[in-house]
**Student:** 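Okay, handing you the structure first.
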Amino acid sequence: MTQAPLRRLLDLPGIDDLELKALMKPRAADPDELYEFPEIAEAIDAAARAAFGLTPDEAAAVARPADWDPIERLDPADMAEAFAAEGWDVLDSRRKPLRMLAHWALPLALAMRGVAGELPFHAEPDRPVTDWGSNLKAEATRFRKR
């Protein structure tokens, strides 16, 4: 059985643009330094609300279940591994954890575990097309040879 491909966090609307901003202003990726970048903070809130139905601040205020696994507190490499186990790719094109992963980790974790928020719609992958036409052609060729 093949494993379903991971959903890429980077493919959600607004996430890639914010990653580029974090590349230009690395301190914007640190949640503790975000007060210096109000325009980026607004963009983060808008992207998180669009993707998960709640902002990072709203996610922090959510009461977590008693058996909550604090995935959002892991270091980035371990966090990426934990999200991959849940079906999410939180790595960039160089296969490193996203710069702004600290902003997305809690809203994503709450949404994917069904505690708060919601996951964005994701269409089921298309079924592979069977090449039944070539099979018919081969059968017809064999029939004519008889």
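Excluded from the calculations below are hydrogen atoms, water molecules and symmetry mates; all remaining heavy atoms, backbone and side chain alike, are included.
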**Student:** Do H103 side-chain atoms and P56 backbone N/O form a donor-acceptor pair below 3.5 Å?
**Tutor:** no
**Student:** With side chains defined as the heavy atoms from C-beta onward, is the minimum distance between T55 and P107 less than 4.5 Å?
**Tutor:** no
**Student:** Less than 4.5 Å apart, side chain to side chain, heavy atoms only: is that true for L6 and V90?
**Tutor:** no
**Student:** Taking side-chain hydrogen bond (donor to acceptor under 3.5 Å, both in side chains) as the definition, give me every residue that meets it alongside D11, ordered by chain and number, with sequence neighbours left out.
**Tutor:** R8
**Student:** Which donor-acceptor pairs under 3.5 Å do the side chains of residues 111-118 make with protein atoms, sequence neighbours left out?
**Tutor:**
| unit_1 | atom_1 | unit_2 | atom_2 | d |
| --- | --- | --- | --- | --- |
| R113 | NH1 | D69 | O | 2.9 |

**Student:** When you measure from the side chain of R64 to the backbone N and O of V62, does any donor-acceptor pair fall under 3.5 Å?
**Tutor:** yes
**Student:** M79 versus L101: any side-chain heavy-atom pair under 4.5 Å?
**Tutor:** yes
**Student:** Can you check side-chain contact (heavy atoms from CB on, under 4.5 Å) on W104 and I44, steps first, answer last?
**Tutor:** CA-CA 9 Å; W104 313 120; I44 289 170; 4.0 Å; yes
**Student:** Could you go through residues 12-21 and list every donor-acceptor pair under 3.5 Å that involves a side-chain atom there, pairing it with any protein atom two or more places apart or in another chain?
**Tutor:**
| unit_1 | atom_1 | unit_2 | atom_2 | d |
| --- | --- | --- | --- | --- |
| E19 | OE1 | R99 | N | 2.9 |
| E19 | OE2 | R99 | N | 3.2 |
| E19 | OE2 | M100 | N | 2.8 |

**Student:** What's the separation between atom CG in D30 and atom CZ in F37, rounded to the nearest 0.5 Å?
**Tutor:** 9.5 Å
**Student:** Mind checking the CG-CG spacing from L108 to L119? Nearest 0.5 Å is all I need.
**Tutor:** 7.0 Å
**Student:** Who passes side-chain contact (heavy atoms from CB on, under 4.5 Å) against A41, sequence neighbours left out?
**Tutor:** L34
**Student:** Which pair of non-hydrogen atoms, one from A80 and one from L91, has the smallest distance, and what is that distance?
**Tutor:** CB-CD2, 3.6 Å
**Student:** CD of E33: more than 12 outside heavy atoms within 6.0 angstrom?
**Tutor:** yes
**Student:** Got a sec, which residues hit side-chain contact (heavy atoms from CB on, under 4.5 Å) with R73, two or more places apart in sequence or on another chain?
**Tutor:** P70
**Student:** With rounding to the nearest 0.5 angstrom, report the CG to CD1 distance, L110 to I71.
**Tutor:** 10.5 Å
**Student:** Who passes side-chain hydrogen bond (donor to acceptor under 3.5 Å, both in side chains) against R94, sequence neighbours left out?
**Tutor:** none
